[in-house]
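Down below is the structure, laid out as structure tokens.
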Amino acid sequence: MEVITNTERIAKTISFTEGEILQELAKVLPEEGGIIVLSQITPHRAKAVHLLAKLNAVGLLETRSLGMKGTYIKVLHQEAFKDLVRRVS
């Protein structure tokens, strides 16, 4: 019987483009969270929003739109987030 962790399940639902966005997000996002302007890290803003919605739904991130100022992102589970970034790279 194969044991699958939650981060493995999440990694399987992330597309290639979403994986690239996740890697860029991990590079620019401070550990305690911060404001990110998605259009500055990727030309695929819609896919980035979809990725954030997925990660928000599983409880890894907390996001809040600030309109033209960007998006506030807080990582709720740092170890799981790092593991997910490692799995999609």
Side-chain angles (χ1 to χ4, degrees):
M1 183 173 152
E2 183 181 351
V3 177
I4 299 175
T5 64
N6 284 337
T7 52
E8 286 175 315
R9 286 185 183 146
I10 298 166
K12 288 180 181 181
T13 67
I14 292 177
S15 70
F16 179 78
T17 305
E18 289 173 337
E20 289 179 335
I21 295 168
L22 182 63
Q23 291 172 0
E24 287 300 316
L25 185 64
K27 289 179 189 175
V28 299
L29 187 66
E31 290 217 10
E32 65 279 353
I35 297 173
I36 302 294
V37 179
L38 294 176
S39 61
Q40 291 181 352
I41 63 169
T42 181
H44 308 286
R45 188 187 157 292
K47 290 189 181 210
V49 170
H50 191 254
L51 171 68
L52 291 177
K54 282 182 184 180
L55 298 179
N56 193 12
V58 297
L60 278 180
L61 299 178
E62 180 180 288
T63 61
R64 187 177 324 126
S65 174
L66 302 174
M68 294 295 290
K69 295 179 184 177
T71 303
Y72 174 77
I73 301 172
K74 180 180 179 183
V75 179
L76 299 176
H77 300 284
Q78 195 65 252
E79 291 301 316
F81 182 73
K82 288 179 182 177
D83 187 35
L84 182 61
V85 171
R86 184 179 50 79
R87 286 184 189 279
V88 298
S89 60

Quiz item: Hey, quick one: are Val28 and Leu38 part of the same hydrophobic cluster, counting side-chain heavy atoms closer than 4.5 Å, chains of contacts allowed?
Solution: yes

Exercise. State, yes or no, whether a side-chain contact exists between Leu51 and Thr17 at a heavy-atom distance under 4.5 Å.
Key: no

Quiz item: Which value, rounded to the nearest 0.5 Å, describes the distance between Thr63 atom OG1 and Asn56 atom CG?
Solution: 4.0 Å

Self-check item: Pairwise distance NE2(His50) to CD1(Ile14) - rounded to 0.5 angstrom
Solution: 10.5 Å

Exercise. Check whether any side-chain heavy atom of His44 lies under 4.5 Å from a side-chain heavy atom of Glu18, and answer yes or no.
Key: no

Quiz item: Is there a side-chain contact between Val88 and Phe16, using heavy atoms and a 4.5 Å cut-off?
Solution: no

Quiz item: Is any side-chain heavy atom of Thr42 closer than 4.5 Å to a side-chain heavy atom of Glu24?
Solution: no

Quiz item: Does some side-chain heavy atom of Leu25 sit less than 4.5 Å from a side-chain heavy atom of Leu52?
Solution: yes

Quiz item: Should Leu60 and Ile10 count as side-chain neighbours, where that means a heavy-atom distance under 4.5 Å?
Solution: yes

Quiz item: Around atom NZ of Lys54, are there more than 12 heavy atoms of other residues, nucleotides or ligands at under 6.0 Å?
Solution: yes

Practice problem: Measure the spacing between NZ of Lys69 and CD1 of Ile36 and express it to the nearest 0.5 Å. | Solution: 16.0 Å

Self-check item: Crowding at CZ, Arg64 (>12 non-hydrogen neighbours, <6.0 Å)
Solution: no

Please set out all donor-acceptor pairs under 3.5 angstrom arising from side-chain atoms of residues 70-80, sequence neighbours excluded.
| residue | atom | partner | partner atom | Å |
| --- | --- | --- | --- | --- |
| Gln78 | NE2 | Glu31 | O | 2.9 |

Self-check item: Heavy-atom pair of closest approach, residues Ala26 and Val85
Solution: CB-CG2, 3.8 Å

Quiz item: So Leu22 and Phe81, side-chain contact (heavy atoms from CB on, under 4.5 Å) or not? Walk me through it.
Solution: CA-CA 10 Å; Leu22 182 63; Phe81 182 73; 3.6 Å; yes

Quiz prompt | Rounded distance (nearest 0.5 Å) linking atom CD1 of Ile41 with atom CD of Gln23 | solution = 11.5 Å

